[in-house]
Amino acid sequence: MSFEKSAIVKALTNVADPNTGQDIITMNMVRDLEVDGNNINFSLELPSLDSKNKQELNFACMAAVQEVYPEANVNVHTIAKAPGVSQQPQSPLSHIKNIIAVGSGKGGVGKSTIAVNLALGLQQLGAKVGLVDADLYGPSIPTMLGLQGQRPQVKQVYNQSKIIPLEYNKMPVMSIGFVVEPEQAVVLRGPRLAGIIKQFFNDTIWPELDYLVVDLPPGTGDIQLTLVQTVPVTGAVMVTTPQEVAVADAVKAMNMFLLPNVNVPILGVVENMSWFTPAELPDNKYYLFGQGGGKRLAKASKSMLLGQVPIVQGIRESGDEGKPAVEAELPMATDALKEMAKNTARQVAIRNETIDPTQIVKMNN
Ligand SMILES: Nc1ncnc2c1ncn2[C@@H]1O[C@H](COP(=O)(O)OP(=O)(O)O)[C@@H](O)[C@H]1O
Ligand SMILES: [Mg+2]
């Protein structure tokens, strides 16, 4: 019998990292998974080699894998986490481990809300996270993080001007909204748009990051194309409401990522505005936008439903006030957003163990 990498990765999600309590896949600790005949080999990255939990973790990994493949020889090799050593030295952003694009078919489905809360939810899991607002036509991240009106600094590095991102709660953030007035953004056209997106990645000083979350404009267009030609996008998270028309548009947007020469895997689907529950009737759910859209989109992309986020007045208010919902304590909403972030981290880790790194798209024009 041959062993499936995805089944092994799934089994390892049952092993908890004693330091954080999160599973070792979500925490990105498993490296170089290999199946060689009857042997299953992988490395386990620990903060230091004399970690007192080393042996215990080794045993836990073996037991978890043998739960699905009792006949396998499981070889766990522990390695010390080397700070600053990059995974993909050939990329210009090799110090950024994962770039997650957040896309949708339509506007107004809550893509920016999801992007902000996903980024902060990943940060809550202990990851180093940055956020790019690539919706150059309608930047809303400055408002959602209470950073409107602030300007990033520009620093001269070897005679080149580099931008230093603004920060929200230690999370570096870039947005066109920090550079131009909102009324100016709408008149930007093709080549200028591409130039700005490139600046966000190549002329911005990003610190070392586990995840860089990119909030895209809706649909498919110049910005999406420039993104995949500028950086290797690890995977895309698609946001939809349960409504049929939102799903139909999201399928089109999703198909762009799946084009053979683009080849960006879909990490999963977030269904937003899934239902409404009035505070005074906490047991009632009203499906204002219908039901099942997220599940259908996940099925169409052969991915998973990363979360269902209900309509909660506090989510809208927290966005307007610059205090993201994942950091608040909103009944029904905060837990759903945290769960979504955790599922996304897990899907990124599974993707990285089972599929080759994404390549920057080369266009011959
Ligand atoms: N689950 C939700 N509950 C309540 N309001 C929401 C929810 N998701 C988004 N909103 C609100 O809906 C509006 C549109 O969301 P936004 O994230 O800007 O959408 P998009 O980026 O897709 O255009 C915002 O005012 C936002 O605060
Ligand atoms: Mg938006």
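We use all heavy atoms of the structure for the numbers below, so side chains are in, but hydrogens, waters and symmetry mates are not. Read the numbers this way: they start at 1 and go in the same order the structure lists the ligands and their atoms. The first residue in the sequence is number 1, and the count goes up from there.
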Under-4.0 Å heavy-atom contact between protein and atom 13 (C) of ligand 1: no

Short N or O distance, D320 and ligand 1, threshold 3.5 Å exclusive: no

V348: which of I25, L122, L267, T26 passes side chain to side chain contact (heavy atoms under 4.5 Å, CB included): L267

Protein heavy atom at shortest distance from atom 8 (N) of ligand 1: N272 ND2, 2.9 Å

Geometric class of the W275/Y287 ring pair [parallel <30°, tilted 30-60°, perpendicular >60°]: perpendicular

For atom 2 (C) of ligand 1, the option (of I315, V309, V239) bearing the nearest heavy atom: I315

Distance filter under 4.0 Å to K111 heavy atoms, resulting ligand 1 atoms: 17 (O), 19 (O), 20 (P), 21 (O), 22 (O)

Protein residue, atom and distance nearest to atom 18 (O) of ligand 1, heavy-atom basis: M144 CE, 3.6 Å

Subset of ligand 1 atoms that lie under 4.0 Å from at least one heavy atom of V312: 3 (N), 4 (C)

Student check: side-chain heavy atoms of L337 and I114 closer than 4.5 Å: yes

contact_flag S104 ligand 1 heavy-atom lt 4.0 Å: no

The one among G319, A325, G110 that brings a heavy atom closest to atom 15 (O) of ligand 1: G110

Heavy-atom pair of closest approach, residues Q308 and S274: CB-OG, 3.5 Å

Where F3 and N39 come nearest, the two heavy atoms and their spacing: CE1-N, 4.5 Å

Which segment of Q313 sits under 4.0 Å of ligand 1 when only heavy atoms are counted: neither

S161 and Q156: side chain donor to acceptor below 3.5 Å: yes

Heavy-atom side-chain contact between N263 and Q359 under 4.5 Å: no

Protein non-hydrogen atom found under 4.0 Å from atom 26 (C) of ligand 1: yes

Polar contact flag, side-chain donor to acceptor under 3.5 angstrom, S6-T354: no

Nearest-contact summary for atom 10 (N) of ligand 1 - protein heavy atom, Å: M273 CE, 3.9 Å

Within-cut-off N or O pair, G108 and ligand 1, under 3.5 Å: yes

Numbered atoms and elements of ligand 1 in range of S112, under 4.0 angstrom, heavy atoms: 17 (O), 20 (P), 21 (O)

Region of T113 engaging ligand 1 - heavy atom pairs below 4.0 Å: both

S318 side chain to E321 side chain, donor-acceptor N/O pair below 3.5 angstrom: no

Shortest protein contact, atom 5 (N) of ligand 1 (heavy atom only): R316 CB, 3.6 Å

Polar side-chain atom of T204 near backbone of Q199 as donor-acceptor pair, under 3.5 Å: yes

Modelled atom types, side-chain donor and acceptor of N352 and N98, under 3.5 Å: yes

Polar atom proximity, P310 to ligand 1 (N or O, under 3.5 Å): yes

N, O or S atom of S140 closer to the Mg ion (ligand 2) than 2.8 Å: no

